[in-house]
Trainee: 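Here's a structure for you.
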Amino acid sequence: MATAHQTAGPYWHMIDFPAWADVLREGGPNAGAQGERIVIEGTITDGDGALVTDAMVEIWHADPAGRYDAEFQGFGRCATNAEGRFRFTTLKPGPVPGRGNTLQAPHVQIAIFARGLLSHVTTRLYFAGEPLNEADPLLALVPAERRATLIAEPTAPGTWQLDIRLRGGAETVFLDI
């Protein structure tokens, strides 16, 4: 059983800049960046299915050409709200070169910092209908019946939703990195 001294957080001091949820914000490092503008949103629930209303969510991703470089900083950070929801505005990343001359499907890395976790957890968001999902080396390692926990579904043009469950039967696949 974890005690207050064994858990991490709260993380509110790390989210003093709610504007960071908009990776394309005016005056930010990516203002004016070109590409397919998207919204990423979802809900975080705990092992009992209760909303996690005080988590911090971070994203990282490549630019629309699949590059990680100084021209585009694919980093965002936000808090979950009273409904356990997070929301980012960014550009859809492109395929990223992988090990052994492979090509990774477009994806977004997600880190979740939440009450009760001793360390943050990390997962990926892939886009439903993306042809490269079938060949992605990381998705290939995930049992087929659990891959859906990593696949965001469109809810409106340009809006993708991935709900994340921290524990339990429908637990999201988390990465050991």
Side-chain angles (χ1 to χ4, degrees), residues 11-12 14-46 49-96 104-114 120-134 136 138-139 142 146-166 170-175:
Y11 299 100
W12 299 113
M14 298 174 77
I15 45 180
D16 283 343
F17 304 100
W20 287 6
D22 182 355
V23 176
L24 308 173
R25 67 190 173 279
E26 196 67 36
N30 302 312
Q34 299 297 307
E36 181 183 348
R37 188 182 182 99
I38 62 170
V39 170
I40 295 171
E41 57 188 15
T43 301
I44 299 179
T45 53
D46 66 13
L51 299 172
V52 179
T53 60
D54 57 355
M56 180 177 77
V57 182
E58 289 183 348
I59 61 169
W60 301 274
H61 62 85
D63 69 12
R67 296 178 306 231
Y68 288 95
D69 62 27
E71 296 294 318
F72 181 82
Q73 296 178 24
F75 172 77
R77 177 183 285 164
C78 76
T80 54
N81 65 16
E83 289 81 41
R85 297 193 61 74
F86 60 91
R87 186 177 196 273
F88 292 96
T89 301
T90 189
L91 297 179
K92 187 175 181 185
V96 178
Q104 299 178 62
H107 65 272
V108 174
Q109 197 83 14
I110 299 175
I112 300 159
F113 300 77
H120 66 280
V121 291
T122 303
T123 190
R124 280 188 176 182
L125 174 153
Y126 289 90
F127 300 91
E130 175 60 46
L132 286 172
N133 286 351
E134 295 301 319
D136 184 86
L138 187 136
L139 274 177
V142 177
R146 300 211 51 221
R147 286 185 194 143
T149 69
L150 302 177
I151 309 289
E153 296 290 336
T155 58
T159 301
W160 296 87
Q161 180 163 332
L162 181 69
D163 294 329
I164 297 171
R165 182 135 185 189
L166 297 177
E171 180 178 320
T172 297
V173 171
F174 295 106
L175 309 175

Trainee: Specify the closest pair of heavy atoms between H107 and V96, including all atoms of both residues, with the distance to one decimal.
Mentor: CE1-CG2, 4.2 Å
Trainee: Rounded to the nearest 0.5 Å, what's the gap from CE on M56 to CD1 on I44? Could you check?
Mentor: 10.5 Å
Trainee: Taking C-beta and beyond as the side chain, do E41 and T159 meet within less than 4.5 Å on heavy atoms?
Mentor: yes
Trainee: Would you call T149 and E171 a side-chain contact if the rule is heavy atoms closer than 4.5 Å?
Mentor: no
Trainee: Closest approach of Q109 and T122, non-hydrogen atoms and distance?
Mentor: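 Answer, listing the atom of Q109 first, then T122: NE2-CG2, 3.1 Å.
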Trainee: Can any side-chain N or O of R67 pair as donor or acceptor with the backbone N or O of A62 at less than 3.5 Å?
Mentor: no
Trainee: Restricting to non-hydrogen atoms, name the atom on A31 and the atom on E26 that form the minimum distance, rounded to 0.1 Å.
Mentor: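 Heavy-atom minimum between the residues: CB-CA, 4.3 Å.
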Trainee: Please give me the minimum heavy-atom distance between T45 and G49, naming the atom from each residue.
Mentor: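 Heavy atoms of T45 and G49 come nearest at CG2-O, 3.7 Å.
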Trainee: Can you label the angle between the F127 ring and the W160 ring as parallel, tilted or perpendicular, going by 30° and 60°?
Mentor: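 Judged by the thresholds at 30° and 60°, the geometry between F127 and W160 is perpendicular.
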Trainee: So, taking the atom named OG1 in T80 and the one named CD1 in I112, what distance separates them when rounded to the nearest 0.5 Å?
Mentor: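 Spacing of OG1 (T80) from CD1 (I112) equals 9.5 Å.
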Trainee: How long is the span from the CZ atom in R147 to the CG atom in L138, to the nearest 0.5 Å?
Mentor: 10.0 Å
Trainee: Counting only N and O atoms by type, is there a donor-acceptor contact under 3.5 Å from the side chain of T172 to the main-chain atoms of I164?
Mentor: no
Trainee: Below 4.5 Å, heavy atoms only, C-beta onward: do L162 and I40 meet side chain to side chain?
Mentor: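 No; the side chains remain at least 4.5 Å from each other.
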Trainee: Show me, pair by pair, the donor-acceptor contacts under 3.5 angstrom made by side chains of residues 83-94, not counting sequence neighbours?
Mentor:
residue : atom : partner : partner atom : Å
R85     : NH1  : T43     : OG1          : 2.7
T90     : OG1  : H61     : NE2          : 2.7

Trainee: Taking atom CG of L125 and atom CD1 of I59, what is their separation to the nearest 0.5 Å?
Mentor: 9.0 Å
Trainee: Kindly give the heavy-atom pair with the smallest separation between A114 and V52, and that separation in Å.
Mentor: CB-CG1, 4.1 Å
Trainee: Knowing that exactly one of V108, L175, L139 qualifies, which makes a side-chain contact (heavy atoms from CB on, under 4.5 Å) with R124?
Mentor: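 It is L175; the other options fail the test.
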Trainee: Go through the structure and list residues passing ring pair (Phe, Tyr, Trp, His ring centres under 6.0 Å) with F174, not counting sequence neighbours.
Mentor: none
Trainee: Start with the C-alpha distance between R37 and L24, add both sets of side-chain angles, then the distance that settles side chain to side chain contact (heavy atoms under 4.5 Å, CB included), and finish with yes or no.
Mentor: CA-CA 9 Å; R37 188 182 182 99; L24 308 173; 3.5 Å; yes
Trainee: Decide yes or no for E153 and T155: does some side-chain heavy atom of the first lie under 4.5 Å from some side-chain heavy atom of the second?
Mentor: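 A side-chain contact is absent here, since even the closest heavy-atom pair is not under 4.5 Å.
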Trainee: Measure across N133 and A105 and return the closest heavy-atom pair with its distance rounded to 0.1 Å.
Mentor: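 What the structure gives for the nearest pair is OD1-CB, 3.3 Å.
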Trainee: Using a 3.5 Å distance criterion without hydrogens, assess whether the side chain of Q34 forms a donor-acceptor pair with backbone atoms of G32.
Mentor: yes
Trainee: Checking F75 now: which residues fulfil side chain to side chain contact (heavy atoms under 4.5 Å, CB included) with it, not counting sequence neighbours?
Mentor: W20, E58, W60, R77
